[in-house]
Amino acid sequence: MKWAKGTLKGQLLLSKEAEDQSYNECVKLYEETEPRLARLVVFGGDNHKYNYSHDDAITWLSAALASHRSCLDGLKEKSLATFIVSRNEETQNLTLLLKDALFHYRQLSTHTRTVTGEQLIPISSNKEGKGLLASWNAATSKPDIVVALDGSGNYKTINDAVAALSSMTRSERTVVYVKSGTYRENVEIGKGLDNLMFVGDGIDKTIVTGSKNVPDGATTLNSATFGVSADGFWARDMTFENTAGPHKHQAVALRVSSDLSIFYRCSFKGYQDTLLVHSLRQFYRDCHIYGIVILNSRVSSSSEFTAVKDSFKNYLGRPWKKYSRTVFIKTDLDGLIDPKGWKEWSGDFALSTLYYAEYMNTGSGANTGNRVNWPGFHVLHDANEASQFTVRNFIQELLKESMAGGSEVVEAALSCAKCGKPAHLQCPKCVELKLPREGAAFCTQDCFKASWSSHKSVHLKAKLSSLATESLGEQNAASPSDGWLYCLRKGQARTPKIPHFDWTGTLRPYPISEKRVVPAHIDLPDWANDGIPKIEPSSDLQHVVEIKTPELIERMRETCRIGREVLDAAARMIRPGVTTDEIDAVVHEATVAAGGYPSPLNYHFFPKSCCTSVNEVICHGIPDARKLEDGDIVNVDVTVYYKGVHGDLNETFFVGNVDEASQRLVQCTYECLEKAIAIVKPGVRFREIGEVINRHASMSGLSVVKSYCGHGIGELFHCAPNIPHYSRNKAVGVMKAGQTFTIEPMINAGVWRDRMWPDGWTAVTADGKRSAQFEHTLLVTETGVEVLTGRLPTSPKVFPWLSS
C-alpha cells in the first residue's frame, strides 16, 4: 500500500501541472482518496483491527479504484487520452495494485476478523451529534446555521454557508437548515466538512438547481448541481435538480462519494445520470429519484410524463461499467417499468459480471416473470440473502434507528461488559435479537472474544423467551373452547398452530371462533353465502362516481345511523381483559338486532363481523381470543348493510392507561380526518384530501399509510372514487353534490410501509410501531358536506380532546 500512496502522490503532482478542469478533477479525487489509503498503511499490521473494520478496508479500496477509474474516464471524456497513453504503465500498475489489495483483504477476512462466527459492529456513528434525521422538526428543533433567500437566516446562499463551515472548528454534527426556495447554485461539500446534516422544508419546497452538463464543457462528475465527498453527510426534505434537459446527455443532479451518508425524503430530478452514486456506503430512504431508487422508495413517472409514458420504454438500469451493481429492495415499481426490467448497454457487455437483483418489490411493475435472463441478474427470495444489502451493512446501528424515528438524540455512554472501559462496539447477535445494549457492549474485539463463552448464553435465553412468546395463545387468551383455530389464506383455511412469521412487533395472532350465524330474515349481500362478491367487481361504478338519488341518500342516512349506534355499543365495552372476539360478538348482535347485516362477514372470506386492529395493526385485524391489555389502543371498524346500502365508519380507542405518544398518535389521526372533512365540497379535487392529511401528520412527525385508501360507498361496499390519504397522489376527479365516499386516514408512529400477516388480512406496520385510524361516510351537499356517520349526543365520551 506504500506503493499505492506514492503512485497517487505522483499522479497528483502530474495533474497539478495541468490547467484543464479534467486534471483538476483528478487532483480532487486523489486528494480525497489518499487519507483512507494512508490509514490502511499507518494502522496496518496487528493493530489495524482497533482502527478500522474489514468492511472499511474493502470499501475504501473499492472507492480508491472507482476514483482512479473516474479520473481516467474524465480524461477520455475530454479527449485527453495522450496523458493516459504517456502514463499508461503507472495507471495500469495502480489499477492492478488496488485490485490485488482488494483480493488480499478479502482473503485476510476469513481468519483475522472473526470470533466464533461473530464480529462486533459499531454502536453508533463517530459523530452522532444532535440532529437525528427522523426527529428533526423545523418548529421545535434548533439548527446551527440557517440559509434563507429572503435574508431571514444567517446566509442567503448555500455556498456562503459552506464557506463559513470550512473556517469553523466543529466537534459534533452540524445542522444546516435551508428554508424553502429555489437556490440556483452549484454546491460542493468537500474534504474537511464531515458530519453535516442539511434539512429543508420538504420535497419541491427546498430546491437546489443547476444546469451544468458534459456537452457544454463539464465532465460527468463536475456537472453535479450538488456534490458530496465529505463523510457522514445526511440530508432530508430537499430536492436536488439538474435542468440541462435530455439533449445535454450527462447532467448530474446529485453526486455522492461520501462514506456513511444518508438521504431521507429527498427528490433527485434530471434526465441522464440524475443520481451519481459514485463510491462508498450510502443509504436512500423514501426518496423520489428520477432514474434510480435504492430502498423503500418509489419508481414512477412524473406528472408531465404520465400521459406519454407508454410511447417510451423505461428500465430499472443498464450496465455502464463492467461490475455494475444495483439492488431494488421493497420498492414500489409502477407500470412505468418495461416487463423486461433491465436493458443492455452494448451487446453482451457486462451481462455476466454485473450484479442486478430485486427483492420483495410491489406495484404493477414488480412482476419478475418476464425479466431478463442474464447471468448477473437475480430474483432474491431469501431474506438472509437480501439482508446483505440493507442499511445495517452500510450504516451503523444508530443511523438505522434514527431513520426509523425512535432514537434519542444523544446516547448514554456504555461500558464494556468485560473490563468496564467505555465501549463503542456491540455483539451483532444481540443486535439481531434486539437485546438491550447494556451487557452487550465491548471496548475491543479481544474483550468480546474473552467473553464469548459466557456471553453467548444471553442469546440462548433470548431464543427461549421468543419461543415462549410464540405460545401466547395459551397465556393471554380467553381459554377458547374446541373449534377455535388460527386463520390462514384470507379466511379460507384454519390451522391449530400459530403460523411461522417474522413478526414486526410484539402482537401475535390468536385462535378465532367459528363464523357467526345471521338470522334468516336478514337481507344478505351477494357474498354472504360463498364469500365472493358478484356485482361489485364488474360494476360501472368502479370507474364512474355515482350521484345518489334523494331516495338512496335517505336509505344511506338510516344505515349510517345504525352503524354509528353499533360502533358506540362496541366502544362502551372496551377495557382491559375483554377479547376482540367479544367485541365482534357485540357488533354482530347489535347489527342483526337492528335488521342489518355486518358487511365484512364473509366478504372475500373475511371470517368476522367487524375488524379490530390493535397497536401495530394498521387495518383489517381479525377479532380473536386475545384479551385487551392496559395501555393498548384498538381500532374497531364497523360496516352495516341495511335496505340495500352500506354505511362504514371506525374509531381508535384507548384501553386503560395509554402512554402519551399513543395518545398524541390517536388525537392527530382524529384531527387528520376532521381537517380532511372540512375541505369537502363541490369542486374540490379528490387528491386534495391527501395533501391536507399528509401535511397535518407530517407536522407531528407521523407518517401516512399509502397502501389503503378511502372509497366510494352506497349499494356497493367499495367503488369509485378512490380517496388516497397521502400527498402527491394521482386521484382523479372532483367532488359533486350527491356523491358519497369514505375518508379513513391510517397514521403510523413510524414508517408508512406495511406488511401482511399469514392470515392474508391483517396489515401491520413494517417497523412494529403503533398505528391509528378514524373513518366516516360522507355525503357531498350543494354547500359542503354531511357526515352520515357522525357522533350522536348519546355516543360515549371516550376522547378527552372532545370533552375539553
Side-chain angles (χ1 to χ4, degrees), residues 286 296 298 300 330 332 334 362-364 366 490-491 504-505 507 533 536-537 542 599-600 603-606 608 610-622 633-639 646 648-652 665-666 668-670 672-673 676-677 686-687 689-694 696-698 702-713 716-732 741-757 759-778 789:
D286 293 346
N296 275 358
R298 189 180 183 201
S300 63
K330 295 183 179 180
D332 182 10
D334 77 0
T362 58
S364 57
K490 299 203 75 171
T504 64
L507 196 71
E536 186 175 284
Q542 297 300 338
S599 304
Y603 180 73
H604 291 290
F605 306 102
F606 187 81
K608 291 297 171 183
C610 70
C611 300
T612 53
S613 301
V614 180
N615 296 342
E616 67 262 30
V617 179
I618 296 172
C619 60
H620 303 157
I622 301 174
I633 60 173
V634 57
N635 176 275
V636 181
D637 193 339
V638 169
T639 310
H646 301 269
D648 193 0
L649 73 161
N650 73 59
E651 291 177 342
T652 301
L665 168 66
V666 174
C668 179
T669 307
Y670 181 93
C672 284
L673 176 57
I677 292 173
F686 292 120
R687 67 180 63 176
I689 292 172
E691 300 296 334
V692 171
I693 292 171
N694 201 92
H696 188 65
S698 298
L702 306 173
S703 63
V704 181
V705 174
K706 299 182 181 181
S707 304
Y708 302 93
C709 61
H711 53 88
I713 191 169
L716 300 181
F717 192 173
H718 298 92
C719 57
N722 285 333
I723 309 292
H725 304 117
Y726 54 91
S727 62
R728 295 186 296 278
N729 65 75
K730 304 301 181 183
V732 297
F741 52 84
T742 70
I743 302 178
E744 45 188 296
M746 287 146 274
I747 309 299
N748 293 351
V751 299
W752 67 263
R753 291 189 176 271
D754 62 279
R755 292 187 63 191
M756 184 67 68
W757 273 8
D759 60 33
W761 279 107
T762 305
V764 297
T765 58
D767 56 9
K769 295 187 178 181
R770 291 189 169 187
S771 181
Q773 182 186 15
F774 284 86
E775 175 187 19
H776 278 307
T777 295
L778 308 171
T789 51

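Keep in mind that what you see is a predicted model, and the values were worked out from it rather than measured.
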Next item on the list: Taking the six-membered ring of Phe605 (Phe, Tyr or Trp), confirm whether the NZ or CZ of Lys490 is under 6.0 Å from its centre and within 45° of its axis.
Entry: no

Next item on the list: Would you mind reporting whether Ile622 and Thr762 have side-chain heavy atoms less than 4.5 Å apart?
Entry: yes

Check: If you round to the nearest 0.5 Å, how far is CE of Met756 from CD1 of Ile618?
Finding: 9.0 Å

Checklist line | Which residues share a side-chain hydrogen bond (donor to acceptor under 3.5 Å, both in side chains) with Thr789, sequence neighbours left out | finding: His776

Margin query: Please tell me whether Trp761 and Phe606 form a close aromatic pair, meaning their ring centres lie under 6.0 Å apart.
Written below: yes

Notebook entry, point to check: Tell me, do Pro600 and Lys608 make a side-chain contact under 4.5 Å, heavy atoms counted?
Noted result: no

Margin query: Between Leu702 and Asn748, does the side-chain contact (heavy atoms from CB on, under 4.5 Å) criterion hold? Intermediate values first, please.
Written below: CA-CA 6 Å; Leu702 306 173; Asn748 293 351; over 6 Å; no

Margin query: Less than 4.5 Å apart, side chain to side chain, heavy atoms only: is that true for Ile693 and Ile747?
Written below: yes

Notebook entry, point to check: Is the ring centre of His718 less than 6.0 Å from the ring centre of Tyr603?
Noted result: yes

Check: Can you find a heavy atom in the side chain of His711 that is under 4.5 Å from one in the side chain of Cys719?
Finding: no

Margin query: Checking the side chain of Thr652 only, and the main-chain atoms of Asn635 only, is there a donor and an acceptor separated by less than 3.5 Å?
Written below: no

Next item on the list: Mind checking the OG1-CZ spacing from Thr504 to Arg753? Nearest 0.5 Å is all I need.
Entry: 14.5 Å

Next item on the list: Return yes if some donor-acceptor pair links the side-chain N/O of Asn729 with the main-chain N/O of Arg687 below 3.5 Å, else return no.
Entry: yes

Note to self: Checking side-chain contact (heavy atoms from CB on, under 4.5 Å) between Arg770 and each of Thr765, Val666, Val617, Ile633, which is the one that passes?
What the structure shows: Ile633

Next item on the list: Report the distance from atom OG of Ser727 to atom CD1 of Ile689, rounding to the nearest 0.5 Å.
Entry: 14.0 Å

Note to self: Under 3.5 Å, is there a donor on one side chain and an acceptor on the other for His646 and Ser599?
What the structure shows: yes

Next item on the list: Find the distance between SG (Cys709) and CD1 (Ile723) and round it off to the nearest 0.5 Å.
Entry: 7.5 Å

Note to self: Measuring only between side-chain heavy atoms, which start at C-beta, is Leu778 closer than 4.5 Å to Phe741?
What the structure shows: yes

Next item on the list: Answer whether the closest heavy-atom distance between the side chains of Gln773 and Glu744 falls below 4.5 Å.
Entry: yes

Note to self: With heavy-atom distances below 4.5 Å as the criterion, would you say the side chains of Leu649 and Thr777 are in contact?
What the structure shows: no

Notebook entry, point to check: salt bridge (Lys or Arg N to Asp or Glu O under 4.0 Å) with Arg755: which residues, sequence neighbours excluded?
Noted result: Asp502

Next item on the list: Provide the closest heavy-atom pair for Thr669 versus Pro745 in the form atom of the first, atom of the second, distance.
Entry: CG2-O, 3.7 Å

Next item on the list: Look at the rings of His620 and Tyr708 and say which category their plane angle falls in: under 30° parallel, 30 to 60° tilted, over 60° perpendicular.
Entry: perpendicular

Checklist line | Spacing of Met746 atom CE and Ser703 atom OG [to the nearest 0.5 Å] | finding: 12.0 Å

Notebook entry, point to check: Can you tell me if Glu536 uses its side chain to pair, donor with acceptor, with the backbone of Phe717 under 3.5 Å?
Noted result: yes

Checklist line | Closest non-hydrogen atom pair between Val704 and Ala697, with its separation | finding: CG2-CB, 3.8 Å

Item checked: His725: partners by side-chain hydrogen bond (donor to acceptor under 3.5 Å, both in side chains), with sequence neighbours left out -> none

Next item on the list: Using only heavy-atom distances, determine whether the side chains of Thr742 and Asp648 contain a donor-acceptor pair under 3.5 Å.
Entry: no

Notebook entry, point to check: Would a 4.5 Å heavy-atom cut-off, applied to side chains only, mark Trp757 and Leu507 as touching?
Noted result: yes

Notebook entry, point to check: Would you say the side-chain atoms of Ser707 and Asp754 include a donor-acceptor pair closer than 3.5 Å?
Noted result: yes

